[in-house]
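Here's the structure we're looking at; comments come further down.
Computation of the quantities below employed the complete heavy-atom set of this structure, encompassing side-chain atoms and omitting hydrogens, waters and symmetry-equivalent molecules. In what follows, chains carry the letters A, B, and so on, assigned in the order in which the sequence lines appear, proteins first and then strands, with residues in each chain numbered from 1. Everything numeric here is computed off the predicted structure, so don't read it as measured data.
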Amino acid sequence: MEDSAIFNVQEQWLRPLRCELNVLSRPDGSAMITQGSYFILCCYVNTFLYSYRVHIFFFKGNTAVVAAVYGPVDVKPQRILVDKASIETVYKPKSGLPNVADRMRETIIKNTCETALLSAIHPRTAVCIVLQEMQDSGGLLSCCINAACMALMDSGIAMKFLVAAVSCMISEDDIILDPSDKDLMGSKASLTFVFDSAKKNLVASHTSGVFSQEQYHESLLKCRQASCEIFEFYRSLVKKYIICI
Amino acid sequence: MHITVGDVVLPGDLIGEQDELKKVVYGPGLRVHQNQIYAVTSGIFKKKPDANYYYVDTFHQKRYVPVRSEDVLGVVTNKSGDIFKVDIGSSEQASLSYLAFEGATKKNRPDIQVGDLVFAKLVVASRDMEPELVCVDSYGKKGKLGPLPEGGFVFSCSLNLVRKILKKDYPLFNVLGKDISYEISVGMNGKVWVKAATIPQTIAVCNAILAAEHKTKDEIDEMSKQILKMLAYC
């Protein structure tokens, strides 16, 4: 495959992430993540001395998820694991009961968090992760994983590494990173990748649609580069919270 | 990326290689994996000033994981046979033998009911075993441990706040203590018991502790003055 490392992250932005930690009072850790899509109006303002370039941001829609973590807590006898903590995930849709797709999402989040957590140091306990969908404007799964990761980090539970999920879609001719729901209408395939913060290894991959092997590799590469942006965001977030203390 | 003391670390950050020759203790928030030291929680990487002891100071933690020899505050939830079950906020309830009280014998049982509060020390805290409490020291004396008297008020707070207020130079208690007389028990599990002469005073002390979490020394002085002023009207 031709090395597409020339690809410039600045050109293909992820939608801006915003995150707040400890949003809920009862759980041990909680986080709210919004991933907003926007378009930029670029205009030039000419004054007597200078010419400014002004970016005006228009927010179209956000994907917003609230995650809560309880743990390590007491575990039901039927779920007990003698060598590690058992991890439960509950995904709450915006309205109504969870359907099959939601169950699928739940499982992916559970498996991802299981990889990230050092569950062996809390045997015979449970870690419960609850996710509440607030709004879906595309990339809900990646938003859920990022929110769950932030909530786990907020709870102070021991983790091997952090994870960052990046979604992308394959349209007729190119790969679009972090597509919004409007972009997704013209997609042939949509892919979500999860990377770890230690070695940027692939932790989870969820795909739907038709794509070639090259397209898969290319999107994996692009998403891996974009994941660095998310890890940078995590670090700046923690720094911001530590300054407050 | 090179991490030094005082830096912000995230889970999975490689801090360095383990030095076999130097005696170094890796405390909470760190783990050694294949001779490499990694952070497991997010926070500030710190070192104790007088010892080769490194740890990560987390910025926010609510759930208590029992640690041996820590003093905790718990609620008695069950009496069965010769043990009490005590809820200390961990994943499992701790057990407290009725013989682990000062002057307790098989005939002379301590007078403790379900719902009572006890301030106890953890003698067993292992991930594979049920946590075990005692209310006596190694000389068989109760010291500061034991059931707490009636009429106080318990609240939960973050573990960081507890560690903060237990520091020797923490100013809040001295400032408040000049005008209000109160008793306080602080458990390392994030539970705090306060008893003052009147109920408004008890509430004031509780609120002062919770409000002081992110305040500096000067702000604490200022807040304490205001609280005392308010109490004068009660």
Side-chain angles (χ1 to χ4, degrees), chain A residues 21-22 24-31 69-75 82-85 116-127 149-150 152-164 195-201 231-245, chain B residues 1 3 6-15 28-31 33 36 38-46 56-66 77 85 87-94 126-131 155-161 163-164 190 210 212-216:
Chain A
L21 299 179
N22 198 17
L24 306 169
S25 62
R26 300 284 294 172
D28 299 322
S30 55
V69 167
Y70 298 85
V73 288
D74 217 354
V75 60
V82 287
D83 56 341
K84 59 179 183 178
L117 280 172
L118 261 174
S119 50
I121 62 169
H122 301 294
R124 292 170 300 105
T125 59
V127 176
C149 174
M150 281 296 96
L152 285 170
M153 192 194 74
D154 180 50
S155 77
I157 196 165
M159 292 168 91
K160 280 187 234 135
F161 39 72
L162 295 176
V163 291
F195 303 95
D196 73 53
S197 68
K199 294 199 171 100
K200 311 284 180 294
N201 284 335
F231 290 126
E232 279 306 306
F233 172 76
Y234 287 167
R235 196 171 291 276
S236 64
L237 183 79
V238 172
K239 278 186 183 156
K240 204 168 73 185
Y241 271 86
I242 281 175
I243 287 168
C244 300
I245 295 163
Chain B
M1 202 175 79
I3 289 167
D7 282 358
V8 171
V9 291
L10 296 183
D13 282 358
L14 181 65
I15 283 163
L30 298 171
R31 75 167 177 143
H33 180 67
Q36 307 275 323
Y38 294 95
V40 294
T41 51
S42 60
I44 305 171
F45 180 57
K46 284 187 176 169
V56 178
D57 196 4
T58 54
F59 63 97
H60 166 246
Q61 207 174 356
K62 286 184 196 164
R63 177 67 55 179
Y64 181 64
V65 179
T77 53
K85 285 282 180 209
D87 177 14
I88 56 168
S90 60
S91 62
E92 207 174 355
Q93 297 205 332
S126 139
R127 63 187 180 197
D128 300 309
M129 283 163 76
E130 183 182 48
F155 65 94
S156 300
C157 60
S158 79
L159 303 186
N160 302 64
L161 178 59
R163 290 187 205 119
K164 205 174 186 176
L210 285 170
E213 182 159 10
H214 301 304
K215 282 188 164 53
T216 60

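In terms of modelled atom types and a separation under 3.5 Å, the side chain of B:R31 and the main chain of A:M159 share no donor-acceptor contact. For the pair B:K62 (side chain) and A:S25 (backbone), a donor-acceptor distance under 3.5 Å is present.
The contact between A:S155 and chain B is made entirely by backbone atoms, counting heavy-atom distances below 4.5 Å. Both the backbone and the side chain of A:L162 come within less than 4.5 Å of a heavy atom in chain B. In this structure, no portion of B:N160 lies under 4.5 Å from any heavy atom of chain A. Interface remark: B:V65 contributes side-chain atoms only to the contact with chain A (heavy atom separation under 4.5 Å). At a 4.5 Å heavy-atom cutoff, the contact between A:A120 and chain B is made by backbone atoms alone. Residue contact with chain B, scored on non-hydrogen atoms closer than 4.5 Å, is absent for A:L152.
Here the closest heavy-atom approach between residue B:V8 and residue A:R235 is recorded as O-NH1, 3.6 Å. In terms of heavy-atom proximity, B:G12 sits nearest to A:A198 at O-CB, 4.0 Å. For A:S197 against B:P11, the heavy-atom pair with the smallest separation is OG-O, 3.5 Å. Residues B:D128 and A:P123 share a closest heavy-atom pair of OD1-CG, 3.6 Å. Taking all atoms of both residues into account, the shortest heavy-atom contact from B:M129 to A:R124 is N-NH2, 3.6 Å.
When each of B:Q93, B:R127, B:Q61, B:E92 is scored by its heavy-atom pairs under 4.5 Å with chain A, the top score falls to B:R127. Contact count against chain B (heavy-atom pairs under 4.5 Å) is highest for A:P72 among A:A158, A:G156, A:A116, A:P72.
For the atom pair CE (A:M153) and OG1 (B:T58), the distance works out to 11.0 Å, reported to the nearest 0.5 Å. The line from OG of B:S90 to NE2 of A:H122 is 11.5 Å long, rounded to the nearest 0.5 Å. Note that the CD1 atom of A:I242 and the NE2 atom of B:H60 stand 13.0 Å from one another [nearest 0.5 Å]. Separating the OG1 atom in B:T41 from the CG atom in A:D154 is a distance of 12.0 Å, to the nearest 0.5 Å.
Looking at A:I157, A:T125, A:V73, A:V127 one by one, the single match for side chain to side chain contact (heavy atoms under 4.5 Å, CB included) with B:R63 turns out to be A:V73.
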B:H33 and A:K160: CA distance, side-chain angles, deciding distance, side-chain contact (heavy atoms from CB on, under 4.5 Å) verdict | CA-CA 10 Å; B:H33 180 67; A:K160 280 187 234 135; over 6 Å; no
